[in-house]
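See structure below.
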Amino acid sequence: MYGVALRMLLGDRAKYVGLIFGIAFSTMLMSNQISIFVGLMSRTASQILDVREADIWVMDPRVEYVDEIEAMTDTQLQRVRGVDGVDWAVPYYKGLTVAHTRGGSLQQVIVIGVDDATLTGVASKMLLGSVENLKQPDAMIMDRAGFEFMWPDEALSLGKVIEINDRRAMIVGICDASAPFATFPVVYTKYSTAMTYIGSTRKQLSFVLVHARAGEDPHALAARISAQTGLKALTWRDFALATVGYYVKRTGIPVNFGITVALGFIVGAAVVGQTFYIFVLENLRQFGALKAMGVSNATILRMVLLQAVVVASIGYAIGIGLCAGFFEVSSRVSINLRGFELPWQVAVGTAGAVLVIIVIASIASVRKVMVVDPAIVFRG
Amino acid sequence: MLVGPSGCGKTTLISIIAGILTPTDGEVEICGENITRMRDAEKVAFRRRNIGFIFQQYNLLPALTVAENAAIPLVASGVPMAKATVTAAAILGEIGMGDHLGKFPNQLSGGQQQRVAIVRALVHEPKLIVCDEPTAALDAETGRIVLEILKTAALAPDRAVAVVTHDSRIYRFAERIVTMEDGRIRSIRMMPSHQFSEVS
């Protein structure tokens, strides 16, 4: 009878397409918005995630997330280095300033100052040049998106010069950094050079990056650093989560995306529920006839559920395919949309939501079919 | 044949006979089995095995072809659709529907649809065929043809056909005419010898 159920479903083309469209639309909207939200939130921690070498980030105790910087005195670096279990510790500067191109245009840039000796903290994937080039005078490495933003119609190249705080800065390398939350160009330079870009202040050190000695538990070491220095020390993972958590709690972004996702769910459930209910209602006589002819309630139930599952599966496949296609195309069309992708967890979660939608849609319909009196077929 | 004015209880009675409705009182024995004592699942299986249905509105599944519609009772019994349609197609051929096997119900006239319904009622060789106003939606000539087909194809030594009708033009096809009034059987008339018995 399952073949009959499928033929009944496919026989009503308009409703079949409507059901598929409803599920596909709902899937696309939910998975797309959640993926963008996840992508956006991971952008807030992109600079933490790009520094793969450090186990622990040390900062002023009042700092809550990576973009809220309360500078420390450079002596704090030595205090951190003195904590037992620290393999190495290097300074890390992060700030925002304005760059001038030779054409006279202005552009706000994120300046990252890394340790002069080890150059720890530069995004690891170099597209042009090498990290070692930073040791040249006035050298800086720019991220690819920043280069394309500042020189939109030009191929990636080294040797371009910009001015930051009246200081000359020459591009000696181009890297593929993770997209930051605010899509400003990211400029990596030596810590000492970064200090010349921002001017002299009493406190300049944004963070201290720490690598734990082999066999040392990073959480235990972070606690020890905090205890001995009075600074805040977090593992890179905890700091990334704290940064994401800050944006989740303190901004309207989750509410905004949450509303869209909820709308996707509600519209999907309403459209699919109503269409499926009408589909079953219009076939009620047929189901009644089948029951009269000796088809059991259990078989009828399985027929209706099969119809629901088929519609959900096809709609979900189309919706999730559209979502994946959207990210594939959008990341190619605009570099500013890089990093937005469909995580498998979102795909699985959306499948769960679609399952709930189809269960909601089926409940009323199944109930109607279950209680239909087979004698309905004798009523003209 | 079960006849009587509207609201007299014909449909209720035939629904009880077919095991679709459960009587509030009394017992019903059909094909030698007491169906009032059966559980729901047993009744469903009983109907599947023993009863064929012909409805006033045909109730063919619009998404299925003529042959597939006629094969439904076999499919419900677990016969694969391909095998069931072969069986159904053979009977359809016998009643002049062989050229319409692949058509859908909306491509057929009312008379043709009722012929498909007749084959659907016969295909699993039930012991009882229950017909509810089988000619009500048909013109006189088509109704006559359909009844001829029903009489030829359905009547068999071990089979009964119960027909609910308002259509006095088809009384002549009956062996017995049961007249109902206000929920009670008023008379059972034997045809064509016109033996007559009153039922109090």
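Order of the sequence lines fixes the chain letters, A, B, ..., with proteins taken first and strands second; residue numbering starts at 1 for each chain. Below, each value reflects all heavy atoms present in this structure, side chains not excepted, and no hydrogens, waters or symmetry copies.
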Kindly check if the number of other-residue, nucleotide or ligand heavy atoms within 6.0 Å of [atom1] ([X]) is above 12?
X      : atom1 : result
A:Q274 : CD    : no
A:D176 : CG    : yes
A:F21  : CZ    : no
B:E125 : CD    : no

Side chains of B:V75 and A:M1: does their closest heavy-atom pair fall under 4.5 Å?
-> yes
Is any side-chain heavy atom of B:H124 closer than 4.5 Å to a side-chain heavy atom of A:M293?
-> no
Gap between atom CG of B:L64 and atom CD of A:Q286 - 0.5 Å precision |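 So the gap between those two atoms works out to 9.5 Å.
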Nearest 0.5 Å please: distance from the CG atom of A:N283 over to the CG atom of B:L61.
-> 8.0 Å
Do you know which of B:R120, B:K43, B:M81 has the most heavy-atom pairs with chain A at a distance under 4.5 angstrom?
->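 So the answer, after comparing B:R120, B:K43, B:M81, is B:R120.
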Can you tell which of B:T12, B:I14, B:I20 has the highest number of heavy-atom pairs within less than 4.5 Å of chain A?
-> B:I20
Do any N or O atoms from the side chain of B:R47 and from the backbone of A:K291 form a donor-acceptor pair under 3.5 angstrom?
-> yes
Taking all atoms of both residues into account, what is the closest heavy-atom pair of [X] and [Y], and its distance?
X      : Y      : result
B:F53  : A:A292 : CE1-O, 2.9 Å
A:G294 : B:V44  : O-CG1, 3.2 Å
B:N59  : A:R285 : OD1-NE, 3.1 Å
A:G11  : B:A63  : CA-CB, 3.8 Å

Is it the side chain or the backbone of [X] that comes within 4.5 Å of chain A heavy atoms, both, or neither?
X      : answer
B:V164 : neither
B:E133 : neither
B:F46  : neither

A:L10, part contacting chain B, at a heavy-atom distance under 4.5 Å = neither
